[in-house]
Amino acid sequence: MESPSRVIAALSSLAAVLLIAGCTIGPGATGSQATSNPSSGPGQSTDDSDDVEGTLLDDGRMFAVVTWGSSTCVPQVDTVSAEGQTVSVTLVEPESEGEKACTADLASRASVGALPEGVDPTKEITLQVTYGDVVDDVDLDGDPSFTGTPGSPTEYTPTAGWFDDGSLVLLTWGSSSCAPVVEELEGSGASGTATFATDDDQVCTMDMAPRATILEFGDDAVDDDAFTLTLVGGGLDGTVEVRG
């Protein structure tokens, strides 16, 4: 079995506040924040900087758009609309907090939004993503096993989907001010384990929000076709069958 490898993770916590009882995620925007180990040095750029990837989450109710840029300035989903199975998504820069500057690293960031009602997540979906000057289409395979319906209430259970070889977006639910912090990531073959920090003294807001965490095992390190992710610590203990 391979030795544990440290995670290169972009942690995204969404600022949208959701009511716990009977909450339905609308098709509008959700914002996110993230921190990550940089995949390139400060001031450097790579051909990946304009790439856009995506995946489906929350049993077919939600989607994630993955972009590359500053880990401290994660794009927000501004508008979402659909015509048939084509979903148009506009990303915008996060609302500035005073004179906060963005770090000059290059990391993968996940921006999460809700699929509009009428879209069928069991069939192929095309995300038409606009992010500043970048316009790109992301084709997502539908999953016949999805039982969620866009616009219906979430069940607040962790879900995950692949967006690239060995790289996934994990969606969890909890306080928007206390994003999951990955301490260690290991995986081989059809299984892996993500260990999260636990801080019993941390003060968190009493909202319920979706938080997107990017986990990168590395190319060819794990089996993307059938994979079970075990979550340990951080109040997230359990297992997730990764889709996509």
Side-chain angles (χ1 to χ4, degrees), residues 5-16 28-57 62-80 87-115 125-140 160-172 176-182 185 194 209-219 244:
S5 58
R6 286 288 177 182
V7 64
I8 302 172
L11 303 179
S12 306
S13 65
L14 296 158
T30 55
S32 59
Q33 297 177 339
T35 58
S36 170
N37 294 326
S39 55
S40 67
Q44 297 179 6
S45 62
T46 73
D47 292 338
D48 292 336
S49 60
D50 289 340
D51 286 352
V52 179
E53 301 291 347
T55 191
L56 297 177
L57 300 166
M62 302 184 71
F63 64 87
V65 173
V66 178
T67 57
W68 279 258
S70 172
S71 61
T72 58
C73 294
V74 182
Q76 296 176 332
V77 176
D78 184 39
T79 61
V80 183
V87 178
S88 298
V89 181
T90 301
L91 302 181
V92 296
E93 297 297 334
E95 295 181 3
S96 61
E97 299 178 5
E99 298 299 322
K100 177 182 176 181
C102 298
T103 54
D105 57 348
L106 184 65
S108 50
R109 304 89 50 88
S111 306
V112 181
L115 286 175
I125 296 171
T126 298
L127 299 180
Q128 292 185 338
V129 180
T130 300
Y131 176 34
D133 294 333
V134 176
V135 180
D136 201 1
D137 288 355
V138 182
D139 293 326
L140 304 178
W162 299 108
F163 69 87
D164 203 354
D165 291 340
S167 299
L168 62 86
V169 178
L170 170 67
L171 177 69
T172 59
S176 61
S177 65
C178 294
V181 176
V182 179
L185 181 70
R211 294 95 50 91
T213 304
I214 289 182
L215 303 179
E216 296 179 328
F217 293 92
D219 294 348

With rounding to the nearest 0.5 angstrom, report the CG to CE distance, L56 to M62. 11.0 Å
Donor-acceptor pair between S71 and D105 side chains, under 3.5 angstrom: yes
E53 side chain reached by W68 side chain, heavy atoms, under 4.5 Å: yes
Looking at D139, V65, D136, D137, which one forms a side chain to side chain contact (heavy atoms under 4.5 Å, CB included) with L127? V65
Answer yes or no: is there a side-chain heavy-atom contact under 4.5 Å between T67 and Y131? yes
Rounded at 0.5 Å granularity, tell me how far CZ in F163 sits from CG in L215. 9.0 Å
Does T72 use its side chain to pair, donor to acceptor, with the backbone of C102 at less than 3.5 Å? no
For S108, which of D164, I214, D51 qualifies under side chain to side chain contact (heavy atoms under 4.5 Å, CB included)? I214
Drop me the distance from Q128's CD to T90's OG1, to the nearest 0.5 angstrom. 10.5 Å
4.5 Å side-chain heavy-atom contact, F63 and V89: yes
Measuring only between side-chain heavy atoms, which start at C-beta, is L91 closer than 4.5 Å to V129? yes
CZ on R109 to SG on C73, rounded to 0.5 Å: 8.0 Å
